[in-house]
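What you see is a predicted model, and the numbers here were worked out from it, not measured in a lab. Order of the sequence lines sets the chain letters (A, B, ...), proteins ahead of strands, with each chain counted from 1.
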Amino acid sequence: MSFNLVTPIIEKKVLNKDMFIITVNCTEKPLAGQFVMIRSVSKFFEPYLSRPISVYDWKDGRLYMLIKIVGKGTELISNLSIGNIIRVTGFFGTNYPINGKKLLLIGGGIGIAPLYYAAKEAKTEKTEFILGFRSKDDVILKEEFSAIGTLNITTDDGTAYFKGNPVNYLNENLKEIDNETVILSCGPKIMMRGIEKALKEREIKHYCSLDTAMGCGMGACLGCRIEVDGNSKLICKDGPVFDAETLFNERRK
Amino acid sequence: MSFNLVTPIIEKKVLNKDMFIITVNCTEKPLAGQFVMIRSVSKFFEPYLSRPISVYDWKDGRLYMLIKIVGKGTELISNLSIGNIIRVTGFFGTNYPINGKKLLLIGGGIGIAPLYYAAKEAKTEKTEFILGFRSKDDVILKEEFSAIGTLNITTDDGTAYFKGNPVNYLNENLKEIDNETVILSCGPKIMMRGIEKALKEREIKHYCSLDTAMGCGMGACLGCRIEVDGNSKLICKDGPVFDAETLFNERRK
Amino acid sequence: MNTSVKIGNTEFTNPILTASGTFGYGKEFAPFMNLDAIGGFCTKGISINPRKGNPEPRICETSSGMLNSIGLENCGSAHFLETILPEIAGYKTRIIVNMYAQSVEEFKTLTEILDAEKRIDCYELNLSCPNVKSGGISFGTDPKIVEEVTSTVRKTTDKTVIVKLSPNVTDITIPAKAAENGGADAVSLINTLAGLEVDVKKKQFALGNIIGGLSGAAIKPVALKLVWQTAKAVKIPVIGMGGISKLDDVLSFLMVGAAAIQIGAANFINPSISEELAVELKSYLQSENKTLQDITGILL
Amino acid sequence: MNTSVKIGNTEFTNPILTASGTFGYGKEFAPFMNLDAIGGFCTKGISINPRKGNPEPRICETSSGMLNSIGLENCGSAHFLETILPEIAGYKTRIIVNMYAQSVEEFKTLTEILDAEKRIDCYELNLSCPNVKSGGISFGTDPKIVEEVTSTVRKTTDKTVIVKLSPNVTDITIPAKAAENGGADAVSLINTLAGLEVDVKKKQFALGNIIGGLSGAAIKPVALKLVWQTAKAVKIPVIGMGGISKLDDVLSFLMVGAAAIQIGAANFINPSISEELAVELKSYLQSENKTLQDITGILL
Ligand SMILES: Cc1cc2nc3c(=O)[nH]c(=O)nc-3n(C[C@H](O)[C@H](O)[C@H](O)COP(=O)(O)OP(=O)(O)OC[C@H]3O[C@@H](n4cnc5c(N)ncnc54)[C@H](O)[C@@H]3O)c2cc1C
Ligand SMILES: Cc1cc2nc3c(=O)[nH]c(=O)nc-3n(C[C@H](O)[C@H](O)[C@H](O)COP(=O)(O)OP(=O)(O)OC[C@H]3O[C@@H](n4cnc5c(N)ncnc54)[C@H](O)[C@@H]3O)c2cc1C
Ligand SMILES: Cc1cc2nc3c(=O)[nH]c(=O)nc-3n(C[C@H](O)[C@H](O)[C@H](O)COP(=O)(O)O)c2cc1C
Ligand SMILES: Cc1cc2nc3c(=O)[nH]c(=O)nc-3n(C[C@H](O)[C@H](O)[C@H](O)COP(=O)(O)O)c2cc1C
Ligand code: FES
Ligand code: FES
């Protein structure tokens with residue numbers, strides 16, 4: 001069932017200067033990897049379009065959203081306080097397949113957002129994360145992620161944990177990953193493509209969640225279209241989760 | 001000297017559901033009856049134009065603005081909190097002549113805003129106010145106004161003080177007003193025209209402050225033009241204070 | 001409170017319609033609203049054969065609006081008739097099929113393909129698309145072609161024929177009169193304003209197709225002027241659109257002479273806005289104790 | 001960092017100019033900014049005789065913009081020469097007098113009246129005003145008249161002649177080429193988009209003149225597209241304007257081929273914005289280690 005809520009922010013947690021979590025009441029239960037469209041509700045239409053935001057967590061009828069301030073829209077939302085009204089519509093998009101025995105979730109920057117709920121919902125024997133951040137003070141939600149899986153953190157500048165990005169970490173540990181592992185990823189395109197390259201000789205399933213500017217988020221505007229294997233796909237409707245192998249087709253090269 | 005400040009709100013006092021006072025630092029000293037153009041400073045241009053707001057009070061390098069929530073712009077300003085940045089440009093417009101021996105200041109609704117500072121700056125023997133409000137719970141700033149002059153309050157619905165509007169009150173007390181009195185007014189046009197009609201047989205000077213939507217507030221856009229005595233006047237530059245007799249020319253009829 | 005509007009031989013329960021390309025094929029909005037609460041909706045522009053549309057990026061946000069260069073990607077007439085129409089045939093709301101073609105013959109063929117379908121109530125001819133025959137300048141700019149396309153479709157169908165006009169012309173009343181002369185039951189305007197945006201960081205155009213169509217609150221004043229001008233120039237009903245996002249906008253278009261209105265990009269902001277505005281219009285008329293005809297065209 | 005631009009025989013210290021009707025006669029902004037920090041400014045449209053302009057209300061806010069129907073109220077050529085020009089002659093910044101006339105002869109006479117004045121550097125011919133002779137349709141729509149007005153003024157003066165074009169045409173490159181053929185040193189575009197707003201509460205038009213001109217951020221995509229199109233169609237420099245409010249906007253216009261830009265309604269938002277953007281442009285070029293020519297027209 002879908003929803004189109006005009007609802008107050010009931011909780012707000014600022015993690016660092018450009019990351020924060022807001023919470024709203026939402027009785028519908030999302031699937032792993034789905035997202036909502038959110039906007040501040042006011043007399044003005046600025047910014048004009050709503051913003052796609054993943055489900056970071058959902059429990060007891062509450063939807064948690066982890067947001068990074070990138071531009072105008074996310075900045076506007078970051079200035080809102082508890083009690084301010086926002087419009088939340090959803091749940092949109094396809095879900096991460098989370099029935100694999102072993103899960104390896106790889107996230108880059110704000111890409112970590114959909115991985116928490118996905119890992120929580122998964123019934124797996126082994127859940128492992130590789131989460132990449134720019135530097136030490138960008139690392140967030142360590143307790144939360146380590147509580148639900150083995151957490152490996154990378155920092156580009158090496159000021160803490162593994163020096164390098166998630167793909168470097170993956171390449172160095174490829175041997176320990178058996179073919180039963182399913183990889184779920186979200187982050188910059190180069191990271192997802194890098195994962196595919198790393199899996200060249202491997203039979204490992206890898207599903208990635210794509211990011212793009214969106215008009216409607218619900219399959220009506222055709223603004224989020226990409227070509228996959230020669231045919232038209234809508235990131236908001238046929239995705240955002242795609243089979244990375246077909247999408248990047250790096251493995252056959 | 002003019003100013004074009006991008007400056008934080010340093011004080012905010014909510015008087016009732018649609019009236020509030022905000023304060024900013026402003027070293028320039030205004031003349032009675034002058035106004036500023038204000039807007040919230042953000043990445044968006046909504047609402048597009050700045051709003052003209054009178055000087056309610058100015059002391060020790062601080063500008064006080066009494067604002068009534070009417071539409072989009074004033075509502076946006078009302079949602080701002082201490083520390084939020086606004087742009088304040090000014091001081092614009094002509095001043096109320098305040099050198100009269102006796103002053104009678106007549107204000108309707110938000111029209112009372114420029115009258116406080118005008119009365120404070122005036123060096124008069126006798127200062128009297130007639131301030132009109134819709135009903136009892138709309139009455140604001142009683143102590144402030146009575147501290148600087150004799151305060152007569154009217155309420156349209158008669159739930160308190162004099163039942164009726166300021167023009168009714170004026171008509172009932174016309175005899176006590178001698179020709180040395182100078183009337184300064186601000187409020188709806190019908191009130192200002194009503195005052196002129198009441199003064200038909202009298203030689204009393206009456207200056208009124210006009211209200212209109214404004215583009216620039218500084219005499220550049222020509223959007224606030226009105227005709228006075230057949231020639232073009234700009235409310236923001238040749239006003240907002242005008243000689244009511246020439247403006248309404250009710251006395252010769 | 002009767003808010004119905006008759007255009008051609010189609011009776012709409014109320015004047016609130018939704019604009020082509022912003023309402024998919026209707027079913028995408030069914031989870032969010034009661035499709036029968038609005039007078040009708042326009043489908044995405046349909047062409048004889050499926051179209052891939054333009055390269056990405058295809059949308060870009062602007063101040064109080066958005067640019068799109070979708071390029072009329074659509075499933076084509078066959079798929080529409082076989083798969084999509086059956087899914088929406090059950091609704092009572094009027095179905096307006098927006099037609100996209102690149103020559104007079106194509107418009108005729110497309111009409112013939114669709115015409116057997118009872119459940120299609122009206123056609124909306126998108127004449128702001130490039131006319132490949134005359135070097136890609138849009139149909140809407142040449143009155144002779146507007147009249148020819150209109151009369152050709154008019155002769156091919158008894159369904160209600162609406163001609164949609166582009167605002168990117170010097171005098172919109174010329175194509176409007178040409179559509180009237182061609183036998184159109186109504187004209188609908190405005191389609192998007194041509195525009196482009198630059199991604200300064202990447203030193204590239206924001207849209208893959210460079211030029212896109214501007215929609216949203218930003219273009220409302222331009223749309224209101226053109227609707228008012230057209231409503232004075234033609235006798236057939238005018239359907240107004242362009243930046244409608246709130247009740248006051250609906251009332252503004254009705255007052256300058258629009259018999260009905262279409263909501264476009266605002267559907268992306270609030271997927272149930274069209275139903276909400278239909279309800280708000282009814283309660284406005286009730287509170288003012290006025291009928292729709294009482295306010296339509298009072299500023300003409 | 002040299003940011004100068006040569007247009008006709010006028011050298012501007014930088015490409016940041018301000019638009020006619022939004023900068024008064026310059027002196028109104030002197031208390032808020034250093035007029036010599038910008039390349040130049042356009043005066044309010046001047047006509048031979050003073051004009052009263054249109055009835056109130058004359059301005060109205062829109063989404064991300066504003067409508068104006070000032071109606072070219074101005075002090076007239078005589079008052080401008082005797083009273084106003086002396087007050088601004090002292091500044092070093094270039095003075096562009098925007099000319100408003102209703103026939104070719106009037107443009108000629110007005111040029112003759114003004115031409116003796118050394119301190120006037122350029123003329124900007126406002127061709128989007130109604131041509132009374134041909135029934136009020138604006139000059140800008142008929143290329144023959146555009147060329148005739150331009151060549152007439154061209155023969156009457158050695159000063160730099162800029163022809164300002166209206167966006168309310170089907171193909172703006174036609175009047176642009178006509179201005180080029182007539183000998184214009186540059187074209188400037190866009191003037192305002194025709195539009196109107198309704199005051200729903202009062203059931204009246206918001207503007208006394210009903211139709212006004214739309215300016216501000218809302219129209220920027222339309223302006224960018226027309227500037228890009230024109231810059232590709234003519235060889236003479238193109239001066240771009242329409243919704244410029246921040247550095248990215250300035251850069252966008254330069255990248256699509258504008259040699260200089262004008263800031264209009266944004267002057268009402270922040271009276272020192274033109275100076276601020278001139279400073280920001282310089283530091284941008286310095287930080288990118290680029291000259292003005294390096295970024296001008298890179299997207300042509
Ligand atoms: C399916 C999906 C799920 C997402 N989940 C989250 C989430 O959980 N948390 C979160 O913080 N963000 C998430 N995002 C990204 C988020 O939607 C964008 O960061 C946001 O739309 C940017 O809007 P803005 O107004 O801040 O930036 P804008 O002011 O619109 O643009 C600022 C800059 O960012 C670029 N930009 C705009 N939109 C995007 C985008 N979608 N991706 C990358 N760059 C963009 C623009 O080109 C511009 O250069 C998700 C995106 C998608 C498609
Ligand atoms: C010289 C001068 C001094 C002023 N001083 C004060 C002051 O000290 N405190 C204060 O609260 N207000 C003052 N005002 C009025 C104030 O500027 C308007 O209330 C404000 O501009 C309305 O803006 P808005 O965005 O709230 O309304 P909008 O959203 O712009 O419009 C809402 C409604 O109010 C109407 N409206 C818009 N502007 C005005 C206006 N200026 N006057 C009357 N109706 C308008 C509109 O037509 C519309 O119907 C002054 C106005 C002037 C000209
Ligand atoms: C994403 C998008 C796609 C559109 N597709 C079409 C189309 O296929 N055919 C058409 O005639 N108009 C199309 N339009 C134009 C709209 O129908 C409408 O005329 C225009 O957007 C102005 O209305 P608005 O401001 O309310 O959106 C499209 C608009 C948008 C935003
Ligand atoms: C209040 C106002 C008055 C204007 N007066 C004139 C004028 O007299 N002559 C002219 O050619 N353009 C005039 N314009 C148009 C501007 O010069 C400019 O072309 C237009 O506003 C688009 O730029 P902008 O969006 O930056 O304002 C006026 C614009 C406004 C807002
Ligand atoms: S964002 Fe509109 S169809 Fe995907
Ligand atoms: S408000 Fe612009 S001239 Fe008065």
Side-chain angles (χ1 to χ4, degrees), chain B residues 1-7 28 36-52 70-74 76 85-93 189 210-228 230-239, chain D residues 18 21-33 41 44-45 50-75 199 206-208 212 214-218 220 243 245-246 248 264-273 275-276:
Chain B
M1 254 295 292
S2 311
F3 56 89
N4 176 15
L5 302 170
V6 176
T7 185
E28 293 302 320
V36 288
M37 295 294 279
I38 66 169
R39 63 181 307 115
S40 137
V41 174
S42 88
K43 289 215 180 79
F44 310 118
F45 300 102
E46 279 288 277
Y48 193 73
L49 298 173
S50 299
R51 282 5 186 190
V70 168
K72 294 178 287 190
T74 46
L76 184 79
I85 305 289
I86 61 173
R87 182 180 295 278
V88 186
T89 335
F91 288 107
F92 297 122
K189 258 200 180 144
L210 290 187
D211 180 356
T212 179
M214 287 191 170
C216 68
M218 49 186 279
C221 79
L222 308 184
C224 67
R225 200 260 345 231
I226 51 163
E227 267 199 28
V228 178
N231 29 40
S232 259
K233 294 283 179 204
L234 296 178
I235 293 187
C236 74
K237 205 163 187 189
D238 310 313
Chain D
T18 54
T22 70
F23 209 67
Y25 299 101
K27 54 180 172 44
E28 295 84 344
F29 283 78
F32 298 102
M33 59 176 279
F41 68 89
K44 180 62 195 164
R51 284 175 58 87
K52 263 234 169 107
N54 291 326
E56 300 90 70
R58 294 163 128 193
I59 52 167
C60 155
E61 191 172 72
T62 70
S63 295
S64 291
M66 65 176 287
L67 275 170
N68 96 77
S69 61
I70 303 297
L72 285 141
E73 170 175 351
N74 75 92
C75 56
D199 183 326
L207 295 176
L214 184 64
S215 304
K220 194 186 70 171
S245 331
K246 54 187 185 310
D248 272 6
N267 293 313
F268 304 152
I269 293 180
N270 169 7
S272 55
I273 192 159
E275 179 174 1
E276 288 170 18

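- Counting heavy-atom pairs closer than 4.5 Å to chain D, the top residue among B:Ala213, B:Cys224, B:Ala220 is B:Ala220.
- For the atom pair B:Ser2 OG and D:Met33 CE, the distance stands at 13.5 Å (nearest 0.5 Å).
- With a 4.5 angstrom heavy-atom cutoff, D:Phe29 touches chain B via backbone and side-chain atoms both.
- Note: D:Glu276 CD to B:Asn4 CG = 7.0 Å, rounded to the nearest 0.5 Å.
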Candidate pair B:Tyr48 and D:Ile269, rule side chain to side chain contact (heavy atoms under 4.5 Å, CB included), full reasoning:
CA-CA 8 Å; B:Tyr48 193 73; D:Ile269 293 180; 3.7 Å; yes
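- Taking the side chain to side chain contact (heavy atoms under 4.5 Å, CB included) definition, one finds that B:Pro52 meets it with B:Phe35, B:Met37, B:Met214, sequence neighbours left out.
- The most heavy-atom pairs under 4.5 Å with chain B, out of D:Ala217, D:Gly216, D:Gly65, D:Ser272, come from D:Gly65.
- For chain B, the nearby part of D:Pro55 is the backbone; its heavy atoms alone come within less than 4.5 Å.
- Of all the heavy atoms in B:Ser50 and D:Phe268, the pair that sits closest is OG-O, 4.2 Å.
- With sequence neighbours excluded, the residues satisfying side chain to side chain contact (heavy atoms under 4.5 Å, CB included) with D:Ile59 are D:Met66, D:Asn68, D:Ile70.
- Looking only at heavy-atom pairs under 4.5 Å with chain B, the residue among D:Glu73, D:Lys27, D:Lys44 that has the most is D:Glu73.
- Interface residue D:Thr62: only backbone heavy atoms are found under 4.5 Å from chain B.
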Given D:Glu56 and B:Thr212, is the side chain to side chain contact (heavy atoms under 4.5 Å, CB included) satisfied, shown in steps?
CA-CA 10 Å; D:Glu56 300 90 70; B:Thr212 179; over 6 Å; no
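- Of the two parts of D:Asn270, the backbone and the side chain both hold a non-hydrogen atom closer than 4.5 Å to a non-hydrogen atom of chain B.
- For chain B, the option among D:Gly24, D:Pro57, D:Ala266, D:Gly53 with the highest count of heavy-atom pairs below 4.5 Å is D:Gly24.
- Only the backbone of B:Phe3 comes within less than 4.5 Å of a heavy atom of chain D; no side-chain atom from C-beta onward does.
- Heavy atoms of B:Lys43 lying under 4.5 Å from chain D are absent altogether.
- Proximity to chain B (any heavy atom under 4.5 Å) is shown, for D:Lys246, by neither the backbone nor the side chain.
- Taking both residues in full, the closest heavy atoms of D:Arg58 and B:Gly223 are given as CB-O, 4.0 Å, listed atom of the first, atom of the second, then distance.
- The closest donor-acceptor contact from the side chain of B:Arg225 to the backbone of D:Lys52 lies under 3.5 Å.
- Heavy atoms closer than 4.5 Å to chain B are found nowhere in D:Ala218, neither backbone nor side chain.
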